[in-house]
Amino acid sequence: MTPIRIAIRRLSHGDGLPLPAYATDGAAGMDVVAAEDIALAPGARHAVATGFAIAIPAGYEVQVRPRSGLALKHGVTCLNTPGTIDSDYRGEVKVILANLGDAPFAIARGDRIAQLVPAPVQHATLDEVTALDDTARGAGGFGSTGR
Ligand SMILES: O=c1ccn([C@H]2C[C@H](O)[C@@H](COP(=O)(O)OP(=O)(O)OP(=O)(O)O)O2)c(=O)[nH]1
Ligand SMILES: [Mg+2]
């Protein structure tokens, strides 16, 4: 598939850092590095600077996803996963990391902390009605079909 083109602007505090990049040819996400040093205490969260801003083409978003290694080994994940970067956002991309582990976790500038995955966005229009069609499920949810 032809890659979509995303304009990226390096911010002054991103000087010298690698831009997001695919670690392997088949990687789904571009790894993003931290632009700051931060110590995350257990239970703490922080919007980690990345040092860049992007302009996503209309009709797309970029999802900010955790790295499984950080999650499994340290309990460090994106709190709002998947984070949403809107196509009209021009501010700095930030990675909202949370430490759900039981030990402090140190992030150093240049560490890979998350990955970016572009995705198409489908807008909907809502048609307000007074009754919805019947289905076998009806209002059952939240485990209604059993374990
Ligand atoms: O992980 C994230 C999530 C969001 N953002 C930025 C880009 C996104 O376009 C904007 C708004 O995100 P979102 O819509 O998820 O947050 P909100 O709480 O609804 O804020 P807003 O009222 O600004 O839309 O914040 C990030 O940099 N990283
Ligand atoms: Mg929003």
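Because the structure is a prediction, the values reported are computed rather than measured. We count residues from 1, following the sequence as given. Each ligand, and each atom within it, is numbered from 1 in the order the structure gives.
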### Task
Using heavy atoms and a cut-off under 4.0 Å, could you grab the residues that are in contact with ligand 1, chain by chain, numbers ascending?
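For ligand 1, the residues that come within the 4.0 Å heavy-atom cutoff are N80, G83, T84, I85, D86, Y89, E92, V93, K94.
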
Rounded distance [0.5 Å steps], [atom1] in [X] versus [atom2] in [Y]:
X: L70; Y: L97; atom1: CG; atom2: CG; value: 7.5 Å
X: M30; Y: I6; atom1: CE; atom2: CD1; value: 7.0 Å
X: T50; Y: L17; atom1: OG1; atom2: CG; value: 9.0 Å

### Minimum-distance pair of heavy atoms, taken over all atoms of G29 and Q115
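The pair with the smallest heavy-atom distance is CA-OE1, 3.8 Å.
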
### Task
Say whether, by atom type as modelled, one donor and one acceptor occur between the side chain of N99 and the main chain of A103 under 3.5 angstrom.
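Yes, N99 side chain to A103 backbone: donor-acceptor pair under 3.5 Å.
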
### Query
Pairs in or reaching into residues 79-90: which pass side-chain hydrogen bond (donor to acceptor under 3.5 Å, both in side chains), with residues at least two apart or in two chains?
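Every candidate side-chain hydrogen bond (donor to acceptor under 3.5 Å, both in side chains) pair involving residues 79-90 fails, so no pair, neighbours aside, qualifies.
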
